[in-house]
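Each remark here refers to the structure printed beneath this line.
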Amino acid sequence: MATNNNHLVIMAGGVGSRFWPMSTAERPKQFIDVLGTGQSLLQLTVERFGSLIAPEHIWVVTNARYADIVRQQLPGMPAGNILCEPCRRNTAPCIAYVSWRIKKQDPKANIVVTPSDHVVMNVQEFQRVVRECMAFTADSDAIVTLGMKPTRPETGYGYIQADLSASSLRNKGIFRVDSFREKPDIDTARQYIKKNNYFWNAGIFIWNVSTIVNAFRVYQPNLSKIFESMSDVYATPAEQQAVNEKFPLCENISVDYAIMEKAEEIFVCPADFGWSDLGTWGSLQQQSHRDLYGNAAIGPDITLIESRDCIVHTTQQKKVVVQGLDGYIVAERDGTLLICKLAEEQRIKQFSGEN
């Protein structure tokens, strides 16, 4: 279904050390072969949109420090489709920048925005859902977000409360959003999953370019003025210098706060295609193949003996043997070895020495 007006925006500027030592501030998880497939999460993201979006309509927004990594991993991408942020300002400025940039090139663009570091297990179902949502937004002023059907009382995700009493007239699988909910405590999360109208917020959005630009003009006029002021330099050699000067002036704000919680024509498409944002070693363990004892092993030659509920990620080692561990992370990268209880993985950042 790759049409002339469909565009993909991949947000790839994130940095963090939750998967240390596999990922670092110099090479965050979106650029790492997390799953042991031979492809990074960024490359897998591009691949699963292959039948939906023409290659010349794929855009990556990243921090300037990662631009070379993006070029290395996506050698076929047009150089002008890699947009560089000079500093981190959260998702609203990122989306505003790329929206004005795409609008300059294609005023009728229909856009799907996705993070670069998520995992989708059922690609065929994912493509079906995205295809239907893009058809829904192509000629309307609707904003659609994907809502993942929860499988557990997760406290690490935000939630979307949907009005399931009446579906959209144009698509029976798309519903109006009642509210967005912050990451809950465990008791609140348990209450959410007892109901059928709460979904995980995957941070995947679909809209046409006129809709999102107008939403910024209405709900974030200061951001709008910044990117409107650069209209004459988009797609010219002067673009990067202008962005370097203006981007630091943007408010540090997420698109959820800036637009989603304010706009009126907000819809959710409930979906179930094996999604995870891989925010923790525990989530990677859950998404990986596990043996009868709950162990996940990612690497060329790993043997686990008398161990259970562990994740071992040692893709650079020829042979690894683990004996007698229960609920542990074992991870190695570039000569650094981590052995840590899964239940204590929130402490990994202090081990890494990164800010």
Side-chain angles (χ1 to χ4, degrees), residues 2-13 45-46 49 52-64 66-67 70-71 74 76-116 130 133-134 137-144 204-251 253 255 258-260 263 265:
T3 70
N4 291 335
N5 298 115
N6 284 343
H7 291 252
L8 168 66
V9 170
I10 303 174
M11 298 182 291
T45 300
V46 171
F49 281 94
L52 301 176
I53 311 291
E56 65 271 19
H57 284 177
I58 298 176
W59 304 78
V60 175
V61 188
T62 190
N63 190 283
Y66 305 135
V70 174
R71 295 186 190 103
L74 303 175
M77 173 166 286
N81 287 27
I82 301 173
L83 305 186
C84 296
E85 302 171 330
C87 57
R88 298 182 68 202
R89 284 295 183 269
N90 217 316
T91 54
C94 165
I95 289 171
Y97 172 26
V98 70
S99 297
W100 259 269
R101 175 64 180 82
I102 291 173
K103 184 173 182 290
K104 176 73 174 285
Q105 177 176 317
D106 184 2
K108 295 183 179 180
N110 195 31
I111 303 170
V112 55
V113 179
T114 182
S116 58
V130 171
C133 290
M134 295 197 84
T137 61
D139 299 309
S140 73
D141 57 358
I143 291 174
V144 176
I204 301 173
F205 310 109
I206 300 100
W207 45 50
N208 68 56
V209 72
S210 296
T211 296
I212 191 60
V213 164
N214 289 337
F216 274 106
R217 287 170 176 160
V218 172
Y219 302 110
Q220 296 296 325
N222 291 335
L223 275 179
S224 172
K225 289 175 184 176
I226 289 172
F227 293 102
E228 197 80 60
S229 72
M230 293 187 282
S231 293
D232 291 339
V233 302
Y234 292 131
T236 75
E239 177 180 338
Q240 191 61 59
Q241 181 60 36
V243 171
N244 290 348
E245 294 173 359
K246 298 292 183 78
F247 201 86
L249 304 178
C250 296
E251 181 182 359
I253 185 172
V255 73
I259 302 295
M260 305 301 286
E265 292 296 305

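What you are looking at is a predicted structure, and each value in this text was computed from that prediction instead of being measured.
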Quiz item: Pick one: which of Asp139, Thr137, Asn4, Thr211 meets side chain to side chain donor-acceptor pair (under 3.5 Å) with Asn110?
Solution: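 Among Asp139, Thr137, Asn4, Thr211, the one meeting side chain to side chain donor-acceptor pair (under 3.5 Å) with Asn110 is Thr137.
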
Practice problem: For Val209 and Lys108, run side chain to side chain contact (heavy atoms under 4.5 Å, CB included): C-alpha distance rounded to whole Å, both residues' side-chain angles, the deciding distance at 0.1 Å, then the answer. | Solution: CA-CA 7 Å; Val209 72; Lys108 295 183 179 180; over 6 Å; no

Practice problem: Take Ile253 and Asn90, measure what side chain to side chain contact (heavy atoms under 4.5 Å, CB included) needs, and give me the verdict at the end. | Solution: CA-CA 5 Å; Ile253 185 172; Asn90 217 316; 5.6 Å; no

Any chance you could measure [X], atom [atom1], to [Y], atom [atom2], to the nearest 0.5 Å?
| X | Y | atom1 | atom2 | answer |
| --- | --- | --- | --- | --- |
| Asp106 | Glu56 | CG | CD | 11.0 Å |
| Met11 | Ser116 | CE | OG | 8.0 Å |
| Gln105 | Trp59 | CD | CH2 | 4.5 Å |
| Tyr234 | Arg101 | OH | CZ | 9.5 Å |
| Glu239 | Leu83 | CD | CG | 6.0 Å |
| Ile226 | Phe216 | CD1 | CZ | 11.0 Å |

Exercise. Could you tell me which residues satisfy ring pair (Phe, Tyr, Trp, His ring centres under 6.0 Å) with Tyr97, sequence neighbours excluded, listed by chain and number?
Key: none

Quiz item: With a 4.5 Å limit on heavy-atom distance, are the side chains of Val61 and Glu85 in contact?
Solution: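 Side-chain contact under 4.5 Å: yes.
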
Self-check item: Minimum side-chain heavy-atom gap Met230-Val243 below 4.5 Å
Solution: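 The answer is yes, as the side chains (C-beta and beyond) meet within the 4.5 Å cut-off.
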
Restricting to non-hydrogen atoms, name the atom on [X] and the atom on [Y] that form the minimum distance, rounded to 0.1 Å.
| X | Y | answer |
| --- | --- | --- |
| Thr45 | Pro115 | CG2-O, 4.0 Å |
| Ser231 | Lys104 | O-NZ, 3.0 Å |
| Ile102 | Ala109 | CG2-CB, 3.5 Å |
| Pro86 | Asn244 | CB-OD1, 3.6 Å |
| Ile212 | Ser99 | CG2-OG, 3.6 Å |
| Cys87 | Pro248 | SG-CA, 3.8 Å |

Practice problem: Among Val144, Asn208, Ile206, Ile111, find the residue that satisfies the side-chain contact (heavy atoms from CB on, under 4.5 Å) test when tested with Met134. | Solution: Ile206

Practice problem: Could you point out which residue of Ile53, Asn81, Leu74 forms a side-chain contact (heavy atoms from CB on, under 4.5 Å) with Ile58? | Solution: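 Going through the options one by one, the only one that passes is Ile53.
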
Quiz item: Do Ser229 and Lys246 pass the side-chain hydrogen bond (donor to acceptor under 3.5 Å, both in side chains) test, and can you show the C-alpha distance, the side-chain angles, and the key distance before you say yes or no?
Solution: CA-CA 9 Å; Ser229 72; Lys246 298 292 183 78; 3.1 Å; yes

Quiz prompt | Val112 and Trp207: CA distance, side-chain angles, deciding distance, side chain to side chain contact (heavy atoms under 4.5 Å, CB included) verdict | solution = CA-CA 7 Å; Val112 55; Trp207 45 50; over 6 Å; no

Quiz prompt | Donor on one side chain, acceptor on other, Asn6 and His57, under 3.5 Å | solution =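 Asn6 vs His57: no donor-acceptor pair found between side chains.
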
Do the side chain of [X] and the main chain of [Y] share a donor and acceptor less than 3.5 angstrom apart?
| X | Y | result |
| --- | --- | --- |
| Thr114 | Ile10 | no |
| Thr62 | Ala67 | no |
| Gln240 | Cys84 | yes |

Exercise. For Ile259 and Gln220, run side chain to side chain contact (heavy atoms under 4.5 Å, CB included): C-alpha distance rounded to whole Å, both residues' side-chain angles, the deciding distance at 0.1 Å, then the answer.
Key: CA-CA 8 Å; Ile259 302 295; Gln220 296 296 325; 4.2 Å; yes

